[in-house]
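FYI, side chains are in, hydrogens and waters are out, and symmetry mates aren't considered; it's all heavy atoms of this structure. We number each residue from 1, following the sequence as shown.
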Amino acid sequence: MKLNQQKKFDKAQFKNNVKRHLTSTYVQTVEKASPRAWYLAMARALSELTAFDLLETENDIRIKNSKSVNYLSLEFLVGRLTGNNLISMGIYTQISEAMEELGHSLSDLLEQERDPSLGNGGLGRLAACFMDSCAAQEYPTVGYGLHYEYGLFKQSFIDGQQQESPDAWQGVEGYPWEIARPQLAQQIGFYGQVDIYQDQGRERRRWVPGMFVKAMPWDLPIVGYQSETVYPLRLWECQAIAPFSLESFNNGDYFDAQKSLIDAGNITKVLYPNDNHEKGKTLRLMQQYFHSAASIADMLRRYEAAGHPLRLLPDYETIQLNDTHPAIAIPELMRVLVDERDLSWDEAWSICAKTFAYTNHTLLPEALETWSESLIQRLLPRHMEIIYRINYQFLSEVRQKWPGDVGKQQKLSIIEEGVHRMVRMANLCVVGSYAVNGVAALHTALVKKDLFPEFDALYPERIRNVTNGVTPRRWLKFCNPGLSALISDKIGDEWTGELEQISQLAVYADDPAFQQSYLAIKRGNKQRLADWVMAHLGIEISTDAIFDVQIKRLHEYKRQHLNLLHILSLYHRLLHDPEFDMVPRVFFFAAKAAPGYYLAKEIIYAINKIAQTINNDERVNQQLKVIFIPDYRVSMAEIIIPAADVSEQISTAGKEASGTGNMKMALNGALTVGTMDGANVEIREEVGDENIYIFGLDVAGVTALKAQGYNPFDYYYADPLLKSSMELLMGETFTPGQPDKLRVVYDSLLDGGDPYLCLADFSSYVKAHEAIDAQYRDQQGWARKTILNTASVGKFTSDRSIRDYVENIWHLKAVHR
């Protein structure tokens, strides 16, 4: 690998380019330009450096003749690109010096960048880490996503209630790193009918769409760490083919004149449009097909331009489906091969079934996507025909394996029978892929055992495991520069590209001087977060307190409400038990609830109202505070994660596929309190039982409890602390003058049956936190545990994850530039 930009960087030329963009692109003078204008000009000048390498990578004949992976995901939560790209390019120090000479601090300018709002949670952040690791290790890759205008939403609170507003992440000036690629635009159809016609004596079928839109590509550069490789994250924006009707305008129909523009723009307006109504369902499926069809067309354009025959497509291309959102790509590739490239069905299926691979991210049956047959029939009539035929062919295999077993056919069928027939997208993915992977060892075992046992019996080699990972470039080197420098001082800096080397730190776990340095860096990171909280929320917090962190999407199975019950128990004990003593603790939450998820929004409301009361109660607020950070995003995680002392990974066992926040916080020296769920199991194996706080029921325990009949009232009446804590949710303790405003959460845990077993795990959870409290009083022992966490989680790098994909699923070779 070469340090390309570092070798050829010309500081004087770069400064001139910044000033050129400042005046010619953003029309501001050097003397009066705003900090944001300086940031934009700097980023534009930097993007010119990556654009050249992007084109060179794209046109490298060795890459064209090598196998590539096409990573299809509706989310890529990339975070701010500038700082991370500077680290990968090896010119962070040079740019800092250049901007200093122009009168500006690089760190201040980086704060001007907005997070690209292209994802929501772990799924999207994993995709971003994977793109980083593919580029870092130089495996040929193209990422395909959507160019959302507003992303999910910008979160704020009014009287504790979540408020959603559009997240205009591009700003009025546009995002300086993205590059428009109009010459690569694709035309995408919807609706219409299927025509049957004769061709040389053969009956053929042809889809004639009733509506067309344009897929306009924007490329974000994914810069390989310390290399000349730059791969594209290609984001499709939906545009109208003919955005304006002059005839309608001249006739006075001003709205109709732009109707096609409005209709097309809606497809990529927001991430995950609310689909609890029919129009929302239609828009979401349109979004998924638009993404898949544009990506398939672009992949085939690149492939055919390289001169390779279609029959060899699986030898040169893999399409990785990140969850079921791009599942419609399977019938789309079949349609193109059969209807447009004139292959026989069997030829096309042989190609298709060797090209797709599918990553499953959930064990929750309700989270496995299904679409109504009637909706697909109306929106994509040819695709529904193809799905029928795939299913017919597949059920023949099922009948061969299990003759006469109608139950097996009903369970495995891609079409789910019922009042309204539904298409099971997960089943389509398993049937249409040559490899299916879970994302943690436990998750994959449960996929085989509980989710897809019949598929595993039918295709015994198909379901495999690839444990998730995180990129150490962003999640240690960039977000925690103090710790990064300390590590490099002790073991050198090769760990940035080979995180497994971080295990060398373990020899310093008992070194008093190293412990002091390590804890001082943690305190500095805590102070940075405390300063942010004071500046933005007006709440004063002490860095002497334990910083206890739960940051992830708000969902019942992630059990933010179990965390809340523990907080209520501490509040109750502080008020009513004179003998109770605790190390001061600050609980941090950050999470968005889906706009249509009523209970999740009520949990957010409860946390905020309880936080408001506790933080203003002079009897306890020197020992206990609760902070809900609004509008959680990657740049916020980069401040919170290095400051965390305790990492909350408390999902009900068997519900979390993997988690990656657990990996990031352990790498940055937080101790995990968690269930035996997802990647927690493997983290425990790496760090050792004594350096993690495991509590609660395991998967077998959850299964047994539910089988015998779980009654949350049994736990409620048997545990006085639990009962007293929950009773605080009633009345008006936290909502003066508005009794029972928090009753929804209370009822969900009792009358609602507590489906995620918060009450069953409560006592064990409290004991785990008591052990954490006791350990924190021994700072030397605490330092040892945190250092060993950092030293022991080298396995959880996305570089290793990608190597697992490469070796076991994709079969790629690195192309070093």
Side-chain angles (χ1 to χ4, degrees), residues 1 3-6 9 39-40 42-51 53-54 57 75-96 99 106-119 124-138 141 143 145 169 175-179 219-233 235 469-485 488 493 495-497 499 633-642 660 663-664 667-668 797-799 802:
M1 293 193 293
L3 293 173
N4 175 39
Q5 300 295 353
Q6 189 173 2
F9 180 70
Y39 155 70
L40 291 166
M42 176 188 72
R44 283 286 179 200
L46 287 167
S47 70
E48 290 175 350
L49 299 177
T50 60
D53 281 342
L54 175 66
T57 303
E75 293 188 46
F76 285 92
L77 200 56
V78 292
R80 297 169 173 174
L81 289 183
T82 310
N84 199 69
N85 282 353
L86 288 176
I87 286 174
S88 291
M89 294 160 73
I91 55 174
Y92 194 100
T93 301
Q94 292 93 319
I95 297 300
S96 181
M99 298 314 297
L106 175 60
S107 58
D108 289 344
L109 292 180
L110 293 179
E111 288 302 308
Q112 295 294 323
E113 183 173 359
R114 294 186 174 97
D115 288 45
S117 193
L118 302 170
R125 186 51 234 172
L126 181 74
C129 283
F130 280 2
M131 288 298 296
D132 177 276
S133 286
C134 284
Q137 298 175 101
E138 300 185 277
T141 305
W169 63 275
Y175 190 60
W177 283 99
E178 62 184 9
I179 305 165
D219 282 0
L220 288 180
I222 306 300
V223 181
Y225 179 64
Q226 295 187 342
S227 79
E228 296 181 348
T229 298
V230 178
Y231 285 118
L233 171 53
L235 305 171
V470 303
T471 168
R473 271 77 63 184
R474 182 177 291 271
W475 294 112
L476 184 50
K477 187 173 178 66
F478 177 65
C479 77
N480 199 341
L483 182 55
S484 174
S488 294
D493 57 9
W495 63 268
T496 314
L499 190 61
R633 54 203 184 276
V634 174
S635 57
M636 200 64 243
E638 290 166 356
I639 298 174
I640 299 171
I641 286 170
T660 54
M663 302 169 186
K664 293 165 193 165
L667 181 61
N668 283 271
T797 166
S798 50
D799 295 347
I802 291 303

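A heavy-atom distance below 4.5 Å is not found between the side chains of Thr82 and Leu109. By the 4.5 Å heavy-atom criterion applied to side chains, Leu86 and Phe478 are not counted as neighbours. Between Tyr92 and Lys477 there is no side-chain heavy-atom pair separated by less than 4.5 Å. At a threshold of 4.5 Å between non-hydrogen side-chain atoms, the residues Ser133 and Arg473 count as touching. Between Asp108 and Leu110, the closest side-chain pair of non-hydrogen atoms is not below 4.5 Å.
Partners of Thr141 by side chain to side chain donor-acceptor pair (under 3.5 Å), not counting sequence neighbours: none found. Scored by the salt bridge (charged side-chain N to carboxylate O under 4.0 Å, His left out) test, Glu638 finds Arg474 as partners (sequence neighbours excluded).
Rounding to the nearest 0.5 angstrom, the gap separating the CG atom in Leu476 from the CH2 atom in Trp495 is 4.0 Å. Here the straight-line distance linking atom CH2 of Trp169 with atom CG of Asp115 works out to 10.5 Å at 0.5 Å rounding. To the nearest 0.5 Å, atom CD of residue Gln226 and atom OG of residue Ser88 are 8.5 Å apart. Residue Met636 holds its CE atom at 10.5 Å from CD1 of Ile641, rounded to the nearest 0.5 Å. Residue Tyr231 holds its OH atom at 14.0 Å from CG of Asp219, rounded to the nearest 0.5 Å. To the nearest 0.5 Å, atoms CE (Met89) and CG (Asn84) are separated by 11.5 Å.
Nearest heavy atom pair, residue Cys129 against residue Gly469, reads CB-O, 4.2 Å. Contact record, Asp799 with Gly497: OD2-O, 3.5 Å, taken as the closest heavy-atom pair. When all heavy atoms are compared, the tightest approach of Trp177 to Ala43 is NE1-CB, 4.0 Å. The minimum heavy-atom distance between Leu77 and Pro116, with the atom names listed, is CD1-O, 4.5 Å. Residues Pro642 and Asn480 approach most closely at CB-ND2, 3.7 Å, considering heavy atoms. When all heavy atoms are compared, the tightest approach of Ala637 to Trp475 is CB-CH2, 3.9 Å.
Judged purely by atom type and a 3.5 angstrom limit, Thr50 uses its side chain to pair as donor or acceptor with the backbone of Ser47. The closest donor-acceptor contact from the side chain of Thr57 to the backbone of Asp53 lies under 3.5 Å. Put simply, the side chain of Thr496 gets close to the backbone of Asp493: a donor and an acceptor are under 3.5 Å apart.
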| Derivation of the side chain to side chain donor-acceptor pair (under 3.5 Å) call for Tyr175 and Glu113 | CA-CA 9 Å; Tyr175 190 60; Glu113 183 173 359; 2.5 Å; yes
| Chi angles and distances behind the side-chain contact (heavy atoms from CB on, under 4.5 Å) call for Leu126, Glu75 | CA-CA 9 Å; Leu126 181 74; Glu75 293 188 46; over 6 Å; no
| message | Quick one, Val230 with Ile222, criterion side-chain contact (heavy atoms from CB on, under 4.5 Å). Give me CA distance, side-chain angles, the key distance, then yes/no. | response | CA-CA 5 Å; Val230 178; Ile222 306 300; 5.9 Å; no
| Test log, rule side-chain contact (heavy atoms from CB on, under 4.5 Å), inputs Met131 and Val78 | CA-CA 9 Å; Met131 288 298 296; Val78 292; over 6 Å; no
| field | side-chain contact (heavy atoms from CB on, under 4.5 Å) between Glu111 and Arg80, intermediate numbers included | value | CA-CA 9 Å; Glu111 288 302 308; Arg80 297 169 173 174; 3.3 Å; yes
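Side-chain atoms of Thr471 and Asp132 form a donor-acceptor pair, as typed in the model, at a separation below 3.5 Å.
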